[in-house]
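Have a look at the structure below, then the notes.
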Amino acid sequence: MTNPPEPTDRAAWMGQLARAKPERLRALFPVLPPYEVLRPAEIGTVMVQGRAGGTGAPFNLGEVTVTRCALRLTTGEVGHGHVQGRDKDHATRAAVLDALLQTNQSSALRAAVLAPLAADEAAHRTARAAKAAATKVEFFTLVRGEDK
Amino acid sequence: MTPDALIGGFTDAPVQASHAFRAALNALSRPGQIETLHGASAPAPLSSAAATLAMTLFDVTTPVHLAGAHDTPALREWITFHTGAPLVDAGAASFAIGTWAALHPIQRFAIGLPDYPDRAATLIVEMPSLAGKGARLTGPGIETEAFLSLPETAAFQANRALFPLGFDCFFTAGDQVAGLPRSTHVEDI
Amino acid sequence: MYVAVKGGERAIDAAHAWLAEERRGDLGIAALSVAQIRAQLTLAVNRVMAEGSLYDPDLAALAIKQARGDLIEAVFLIRAYRTTLPRFGASIPVDTARMAVIRRVSATFKDLPGGQILGPTFDYTHRLLDFALMAEGEAPLAQDEAGQNDTPPAHIPHVMEFLNRDDLIETEIPSDATPPDLTREPMELPTTRALRLQALARGDEGFVLSMAYSTQRGYGRTHAFVGELRIGMVAVQMNIPELGFAIDIGEVEVTECETVNQFKGSKTVPPQFTRGYGLIFGQSERKAISMSLCDRALRWRELGEDNIGAPAQDEEFVLMHADNVQATGFLEHIKLPHYVDFQSELELIRRLRTEAFAAREAAE
């Protein structure tokens with residue numbers, strides 16, 4: 001086993017895997033290696049909280065569906081998947097990748113899976129931002145009477 | 001997190017939890033009747049019956065207190081991973097696990113409020129063994145009388161006097177469980 | 001004499017079969033897919049998610065299909081489904097300052113940093129029926145302004161923070177207190193702002209709108225300006241105990257409204273603007289603005305204002321009647337058999353009439 005990853009690094013890839021479209025993740029990483037299930041994929045909810053005024057005391061906004069899974073590779077690494085929605089395959093695949101990214105396959109998988117996911121996401125966000133930018137109001141001041 | 005903490009949960013949660021819930025329900029509604037409970041296993045010293053109760057009854061909204069020798073890092077991690085239950089001091093607990101001696105003084109545990117008697121603790125008392133002999137039990141759920149090898153009687157008589165407030169108990173040993181709700185009258189014989 | 005009878009089972013089965021046929025409608029017309037509802041009736045899906053209090057667009061679309069478009073019935077289906085799921089925990093409060101905004105407007109500041117972004121809005125449409133939508137045709141395309149703002153800003157400050165910097169508006173006190181959850185514990189009055197915000201966020205849009213409108217018309221007037229209204233995606237983050245750190249589990253679209261309301265002051269504190277807040281799943285600015293106004297009206301006690309007896313100031317009235325599933329359940333149950341109840345009333349009125357006739361005859 002290689003050195004354990006930095007929590008910020010691991011949190012970043014787990015988030016990237018969770019935000020991925022399930023079908024895209026399946027296409028990028030179709031074949032799963034053998035693993036032992038520690039917690040079978042299960043569907044539940046997470047209560048989403050907001051803050052009064054955006055910055056004040058927390059309140060419960062409503063729940064979101066989440067699927068989670070925990071497993072262990074035959075080489076010993078433990079992987080966790082926590083993904084929005086009700087796709088057990090997505091949670092399992094995310095957990096397998098979380099475990100594999102802790103092994104010496106990490107750099108290959110970053111290039112083959114994480115980089116394309118990040119590129120998809122950036123492209124989607126940029127496209128949305130460009131549409132939003134087109135609806136941005138450019139105020140201009142009309143000529144006023146007191147100006148000569 | 002230690003590897004032991006991640007194993008021993010249900011493999012088929014809906015079915016196993018349903019069977020276990022039925023057994024727990026029978027135990028509490030037929031005080032003194034010994035039921036078997038299995039399906040989960042946790043790090044020592046937790047019995048498989050208590051582990052199965054934990055998998056069935058605990059979640060993120062049920063604060064849990066681990067008493068005495070049951071308060072180990074491995075068991076804390078196991079409960080956190082498998083149930084999500086927060087681990088708390090005795091007074092804030094919905095459930096408490098320990099031997100009868102370790103749970104003392106039992107006055108620490110919540111007995112509910114007059115408006116919400118359900119806000120009381122349920123004690124999971126780990127026993128060396130369970131047998132249908134010893135203290136005499138009468139009351140709701142018992143047609144005539146029942147007997148159970150309770151660790152003592154005075155504490156349960158005092159608890160019965162608080163009714164409708166008071167704590168409820170499961171007694172666990174190996175894969176066996178028996179229940180003693182706050183409504184049961186307990187006598188020495 | 002009315003007697004309760006059994007025997008409706010066959011009729012109920014037949015009614016359900018007919019319901020299924022009516023739901024499908026004319027077989028000569030293509031069936032509507034859940035994906036179509038999700039993609040093209042987005043605002044209905046959003047409303048079902050907000051009032052069902054469960055963010056899952058696929059499930060909301062399915063509920064709308066199953067309910068034949070009856071949104072309150074769809075909300076009911078979502079609430080019922082939700083009860084079958086375990087809850088894994090609570091998220092870290094979403095950070096709306098880091099929202100990927102598609103719409104962001106302010107009625108109080110023209111030149112706010114980050115700009116006014118109209119987004120996909122119905123505002124400025126002429127509300128003329130567009131008969132082109134009846135005909136098949138090319139899908140319309142949005143314009144974009146590639147190059148101008150390609151990298152979306154990670155952080156867009158709230159307008160209110162500019163007012164706050166000069167102490168012109170009350171400060172929201174941040175806290176990490178665990179908020180009460182009305183889906184887990186019975187509501188106790190008087191309640192807290194956190195609980196009111198939860199109840200309003202899942203309350204019926206029509207009810208919350210009417211309550212808010214009543215405050216504008218003078219029943220608990222708080223004179224609100226929309227300081228900022230924004231719509232976009234926010235990341236949902238959760239602490240995972242077995243990992244010991246927080247991860248993104250996904251993202252949800254929300255609408256947020258912050259209102260600037262009439263000020264309060266005292267001998268010791270100079271006058272300041274006050275706040276109302278609305279946050280709703282999905283795109284629903286009508287509901288978000290309504291929620292803000294209701295939130296502000298319900299804050300009269302903590303702001304030291306007078307209760308003038310307006311309905312929107314009465315938290316028991318607002319919170320106990322905002323939920324459309326509760327309201328529908330109690331309202332519609334009166335159509336179900338009450339044969340025995342009614343029989344006792346019938347016997348009573350017959351006896352009273354007999355006695356009244358007898359008394360009249362005796363008097364004559």
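Chain A is the first sequence line, chain B the second, and so forth, proteins listed ahead of strands; every chain is numbered from 1.
For the options G227(C), G250(C), S53(C), A97(C), heavy-atom pairs under 4.5 Å to chain A are most numerous at S53(C). In terms of heavy-atom pairs under 4.5 Å with chain C, the best-connected choice from T8(A), V137(A), L17(A) is V137(A). Across A70(A), A94(A), P58(A), P7(A), the residue that shares the most heavy-atom pairs under 4.5 angstrom with chain C is P58(A). In terms of non-hydrogen atom pairs under 4.5 Å with chain C, the most contact-rich of E63(A), H80(A), R86(A) is E63(A). Among G53(A), A18(A), G15(A), A132(A), the residue with the largest count of heavy-atom pairs under 4.5 Å with chain C is G53(A). Contacts with chain C were tallied for G50(A), A52(A), A11(A), A57(A); A52(A) has the most, counting heavy-atom pairs under 4.5 Å. Ranked by heavy-atom pairs under 4.5 Å with chain A, the first of A246(C), P86(C), A201(C), P174(C) is P86(C). Considering only heavy-atom pairs separated by less than 4.5 Å from chain A, the leading option among H158(C), M49(C), R87(C), Q116(C) is R87(C). For chain A, the option among T171(C), D295(C), L279(C), T96(C) with the highest count of heavy-atom pairs below 4.5 Å is L279(C). Annotation: maximal heavy-atom pairing with chain A below 4.5 Å, among V101(C), I247(C), I249(C), occurs at I249(C). Ranked by heavy-atom pairs under 4.5 Å with chain A, the first of E258(C), E251(C), R202(C), E256(C) is E251(C).
Contact of A142(C) with chain A is made through the side chain alone, with heavy-atom distances under 4.5 Å. L182(C) does not touch chain A: none of its heavy atoms, backbone or side chain, sits under 4.5 Å away. In this structure, the portions of E42(A) lying under 4.5 Å from any heavy atom of chain C include both its backbone and its side chain. Neither the backbone nor the side chain of Y124(C) comes within contact range of chain A, judged by heavy atoms closer than 4.5 Å.
A distance-only check finds no donor-acceptor pair linking the side chain of T135(A) to the backbone of I117(C) [under 3.5 Å]. Between the side chain of N60(A) and the main chain of P180(C), a donor-acceptor pair closer than 3.5 Å is present.
Few gaps surround CD on E302(C); more than 12 heavy atoms of other groups in view lie less than 6.0 Å from it. In R39(A), the CZ atom is crowded: over 12 heavy atoms of neighbouring residues, nucleotides or ligands sit closer than 6.0 Å.
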Go through R51(A) and E172(C) one step at a time and tell me if the salt bridge (charged side-chain N to carboxylate O under 4.0 Å, His left out) criterion holds.
-> CA-CA 9 Å; R51(A) 287 189 182 278; E172(C) 289 287 359; over 6 Å; no

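Atoms CG and CD, on L197(C) and Q49(A) in that order, are 12.0 Å from each other to the nearest 0.5 Å. Atom CG of D56(C) and atom CD of Q84(A) lie 8.0 Å apart (nearest 0.5 Å). To the nearest 0.5 Å, the span separating CD on E242(C) from NE2 on H82(A) amounts to 5.0 Å. One finds the CG atom of D98(A) at 7.0 Å from the CG atom of L243(C) (value rounded to the nearest 0.5 Å).
You'll find the side chain of V254(C) reaches within 4.5 Å of the side chain of L61(A), heavy atoms only. With contacts defined as side-chain heavy-atom distances shorter than 4.5 Å, the pair R19(A)/M233(C) does not qualify. With contacts defined as side-chain heavy-atom distances shorter than 4.5 Å, the pair T55(A)/E161(C) qualifies. Under the 4.5 Å side-chain criterion, counting only non-hydrogen atoms from C-beta, Q198(C) is in contact with M47(A).
For the pair R68(A) and F88(C), the distance from NZ or CZ to the six-membered ring centre is under 6.0 Å and the angle to the ring normal is within 45 degrees.
Closest non-hydrogen pair, S91(C) versus V48(A), comes out as OG-CA, 3.5 Å.
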